[in-house]
Amino acid sequence: MEVLAIGDKINIRRSDGCIQSASVGLKSVERQIVTVEWTQGSKVKGKEIPWGAILELNPCLAKVKQKQQSAPDKKEPLKTESKPHNLSGYNMYRKKPTNSSPYKKRLRAGNRCDSAINVPASIKAAQPVHGVLAVTQVNTDLGAVKGTSSMSSIKRSSVVREVERLKEQRERRRAIQAEQRREQSALKSRDPGNPNWEVALMVRNYREQLQFNPLRCLSSRGARIQQITVCVRKRPMSRRELQSKAVDIISVPSRNSLIVHELRNKVDLTKLLEHHKFRFDYTFDELCSNMLVYEHTARPLIRTMFEGGNATCFAYGQTGSGKTHTMGGEFCGKVQDCTTGIYALAAQDVFAELSKPKYREMGASVTCSYFEIYGSKVFDLLLPDKPMLRVLEDGRQQVVIVGLTKMPVKKVEDVLGIIEQGNRERTSGQTSVNIKSSRSHAVFQMGLLMPDELEPCGKCSFVDLAGNERGADTQSANLQTRREGAEINKSLLALKECIRALSRHSSHLPFRGSKLTQVLRDSFIGGEQNKTCMIAMISPGLSSVENTLNTLRYADRVKELVAKEDDLAETDSEQPNPSEKMSKTKLGLGSCPGTDTESDEFEPEPSGFADFNSSQTSDGNSSFRKFDSNLDMSDADGDGDADGDGDGDGDGDGDGDGDGDGDPEAGLQISEILMQHDVLFEFFNNYKMHFDEAVNESTSLGKNDRITKFLLDGEPIICELEILLKHAHVLITNYNSQRFLDSELTESDDVQQLSD
Ligand SMILES: Nc1ncnc2c1ncn2[C@@H]1O[C@H](COP(=O)(O)OP(=O)(O)OP(=O)(O)O)[C@@H](O)[C@H]1O
């Protein structure tokens with residue numbers, strides 16, 4: 001082992017069997033192990049190899065050793081040099097070596113030794129650079145000659161070892177840098193004129209470290225069917241993007257993870273990549289087909305419709321990210337092949353299911369509707385000239401699209417005809433992003449109809465949403481375009497709120513926040529029976545990174561709540577203690593939201609919950625009074641009803657008994673109103689981080705619960721809630737009076753006007 005020096009090149013065998021050259025790092029004589037290192041791409045790798053294995057692959061080392069042993073006479077003169085007392089020059093910090101010092105002598109001896117013995121070239125190459133190194137080297141050489149001489153038993157000082165280590169590090173770093181420079185210049189010369197070559201290289205280097213195992217299997221069997229599924233699909237680079245040498249900054253390493261490489265500039269203006277990692281139920285890369293996406297997203301939803309539930313599949317994303325491609329079908333030039341979209345694939349499965357004897361005997365049939373929501377207006381895509389339809393809501397909050405075509409269909413071809421007809425009618429316009437872009441939400445619905453029934457007993461809705469970046473399209477000078485953007489933003493926010501309400505089994509459903517959520521109200525109520533899937537589409541290019549991150553964060557927000565829902569499900573399986581049980585009842589979990597029976601469950605006050613209330617009230621008494629006085633102030637506004645629930649008791653709980661458990665709808669109206677009023681809507685948005693969760697949680701609690709909850713959470717939130725309530729009170733009162741006055745059927749637009 002002594003014949004080897006740090007930095008020597010030797011042959012090694014890699015774990016995959018191949019033999020390659022590597023540099024000697026550290027040696028452990030006791031363990032008879034040598035550590036070697038080599039560079040692979042931009043990475044430095046290393047491993048420990050037994051000395052025996054090294055000798056096998058490097059027979060020349062054995063020869064060197066033999067030579068050393070067969071020339072004992074040449075070692076003799078060194079014996080005296082190896083005595084410890086001759087090492088006075090060893091410690092350079094204690095005594096500076098002079099020409100006549102033993103240090104110099106040893107150096108000369110070492111040189112003599114070099115000439116006498118055929119040592120590896122690298123040892124010679126590493127001859128005196130620093131005095132310290134030279135001594136070390138001489139020691140190594142001496143050791144090689146002397147074997148177990150007393151010289152080799154002397155420990156090198158920690159300073160020497162540190163210098164060696166630093167030198168090794170420096171050399172390694174330089175080797176990597178040289179390799180990177182070589183790669184960079186190779187890439188630059190290979191890709192002349194590419195302004196993004198540096199980013200491309202950084203992304204490529206990062207990807208080299210990843211292990212890719214993306215989703216490829218067609219069968220979704222075994223996939224967990226959840227109430228809410230959130231997936232992401234990355235589209236391939238378009239021809240235009242490839243021509244402009246755009247960089248693909250999305251990596252999809254596995255079936256449920258995704259990384260966005262965002263380009264950032266350091267303070268010194270050098271570029272670096274920030275890697276944003278996301279996890280979803282499924283992630284589809286650019287090679288995934290529509291069929292594969294369908295298998296994992298919409299297909300599991302078809303069963304829901306036959307089980308009497310409402311299934312909804314949303315395509316969400318930036319303009320041009322592939323929503324229409326996924327939902328409606330692939331484009332061959334400008335012509336869309338409807339047979340390859342999720343609408344058609346779902347229709348195939350629906351008819352396959354319908355042909356089963358069970359449904360044939362029942363006489364079940366299927367109807368199709370196709371409409372679009374543009375701004376806050378609904379248009380029927382299956383009638384000539386796309387007439388505008390009215391959306392009405394009855395006293396039981398049932399939403400009806402008056403006059404919507406429900407076309408009976410008997411086979412897949414009928415459905416394809418309907419899709420083609422509807423697609424021709426869809427509204428398009430011009431944005432600063434795309435020449436042609438959908439500014440409307442398109443809703444395609446299939447309903448399962450039983451004989452003698454007017455309304456379908458199960459429904460599948462597929463929604464191709466308008467581009468989510470539209471609200472940020474501020475370059476447009478056109479007021480109409482900006483309004484459209486605002487409407488789209490509003491509806492997407494309302495959609496998120498509704499999905500969140502569904503995942504939390506919340507009793508409050510803010511479906512009036514937009515026309516989209518209003519017409520899809522059935523999709524969000526009904527609890528476990530309903531299933532929802534969101535497919536977030538993303539563009540791969542560097543220029544879309546901001547929109548891509550926005551899309552993923554939106555989807556992530558929905559997914560985050562799904563995770564919470566799972567947590568709750570786990571808790572449910574355990575035996576809850578009485579107070580937990582009550583808290584959940586109060587949160588409306590497991591019950592059908594918005595039903596009267598729910599408010600009955602609010603009646604009993606279990607001891608656990610009463611304790612909770614009382615302790616909080618005593619803890620935060622002063623704040624409680626502060627909040628109450630605020631309610632009084634609102635009362636002074638002249639509405640005669642400080643709590644805004646229309647009962648005139650002003651006690652803040654809605655039922656007049658002061659126990660905080662009364663009217664479960666008292667809370668829900670607050671965010672409903674918020675969703676309908678621009679100022680509050682914006683306010684709500686700005687402070688979202690704080691009371692996004694809070695308002696929703698509070699909505700299914702009584703008002704006192706809400707108050708105590710926020711007292712617990714601390715002062716800032718109380719203040720924000722106060723401000724929020726101040727703004728909301730007048731609106732709530734107006735809204736309530738209107739609602740109570742309303743008779744059987746109310747036109748939703750009127751409700752909208754009210755808040756305006
Ligand atoms: N997965 C994909 N594979 C191949 N091409 C795709 C894919 N996704 C999208 N494309 C192509 O990208 C372009 C834009 O797609 P598409 O029209 O579906 O976007 P969009 O999100 O619906 O946009 P908009 O909101 O404007 O309607 C189309 O030319 C389409 O063919």
Side-chain angles (χ1 to χ4, degrees), residues 214-216 231-244 246 248 250 252 258 282-298 313-345 372-374 381 419 422-444 462-473 476 481 484-485 487-489 491-492 495 516 534-541 543-544 547-548 550-552 554-555:
L215 193 63
R216 289 284 177 266
C231 319
V232 176
R233 183 182 196 185
K234 168 195 176 185
R235 76 154 163 78
M237 298 281 273
S238 67
R239 200 182 304 158
R240 201 196 295 176
E241 282 168 332
L242 289 171
Q243 274 167 4
S244 65
D248 174 357
I250 309 292
V252 186
L258 179 140
Y282 297 105
T283 48
F284 304 98
D285 69 6
E286 63 274 33
L287 299 179
C288 290
S289 63
N290 271 0
M291 187 63 187
L292 189 81
V293 175
Y294 170 71
E295 282 278 343
H296 291 84
T297 54
C313 180
F314 296 97
Y316 174 86
Q318 177 192 1
T319 294
S321 56
K323 300 183 293 294
T324 312
H325 175 99
T326 306
M327 299 304 257
E330 293 166 11
F331 288 91
C332 314
K334 285 188 177 171
V335 184
Q336 195 174 19
D337 178 5
C338 290
T339 58
T340 56
I342 281 183
Y343 300 151
L345 296 172
E372 78 173 353
I373 304 166
Y374 177 72
L381 292 174
I419 296 167
N423 284 349
R424 278 195 295 271
E425 300 287 347
R426 277 200 74 184
T427 306
S428 285
Q430 191 161 346
T431 67
S432 54
V433 183
N434 249 11
I435 307 272
K436 262 201 139 195
S437 129
S438 307
R439 296 155 165 249
S440 61
H441 308 299
V443 184
F444 175 72
F462 300 92
V463 189
D464 181 357
L465 294 165
N468 65 354
E469 82 295 348
R470 296 296 317 284
D473 191 18
S476 174
T481 313
E484 278 170 12
E487 276 295 336
I488 291 170
N489 257 1
S491 58
L492 295 177
L495 174 64
L516 173 73
M534 173 163 291
I535 314 172
M537 312 289 173
I538 51 171
S539 305
S543 57
S544 304
N547 287 321
T548 299
N550 283 342
T551 301
L552 294 172
Y554 180 98

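Just so you know, ligand 1 is whichever comes first in the structure, and atom 1 is the first atom listed for that ligand.
- Taking only nitrogen or oxygen atoms, main chain and side chain alike, D464 does not reach within less than 3.5 Å of ligand 1.
- For ligand 1, the polar-atom distance check finds an N/O of T324 within less than 3.5 Å of one of the ligand's N/O atoms.
- Put simply, the side chain of E330 never gets that close to the backbone of D337: no donor and acceptor are under 3.5 Å apart.
- Residue R233 approaches ligand 1 through these ligand atoms, each under 4.0 Å from one of its heavy atoms: 1 (N).
- The atoms of ligand 1 that sit less than 4.0 Å from any heavy atom of G322 are 8 (N), 9 (C), 15 (O), 16 (P), 18 (O), 19 (O), 20 (P), 21 (O).
- Taking 4.0 Å as the cut-off, G320 counts as a neighbour of ligand 1 on heavy-atom distance.
- Atom CG in L516 sits 5.0 Å away from atom NE2 in H441 (nearest 0.5 Å).
- At a cut-off of 3.5 Å, with distance as the only test, no side-chain donor of S539 or N547 sits close to an acceptor on the other residue.
- Taking distance alone, with nitrogen or oxygen atoms compared against 3.5 Å, S321 approaches ligand 1 more closely than that limit.
- Side chain of R235 to main chain of G320: a donor-acceptor pair is present (N/O by atom type, distance under 3.5 Å, no hydrogens or angles).
- Contact between Q318 and ligand 1 is present, with at least one heavy atom of the residue lying under 4.0 Å from the ligand.
- Listed by chain and residue number, Y554 satisfy the ring pair (Phe, Tyr, Trp, His ring centres under 6.0 Å) test with Y316 (two or more places apart in sequence, or in another chain).
- Put simply, the side chain of R233 never gets that close to the backbone of A315: no donor and acceptor are under 3.5 Å apart.
- Judged by the shortest distance from any of its heavy atoms, P236 lies inside the 4.0 Å radius around the atoms of ligand 1.
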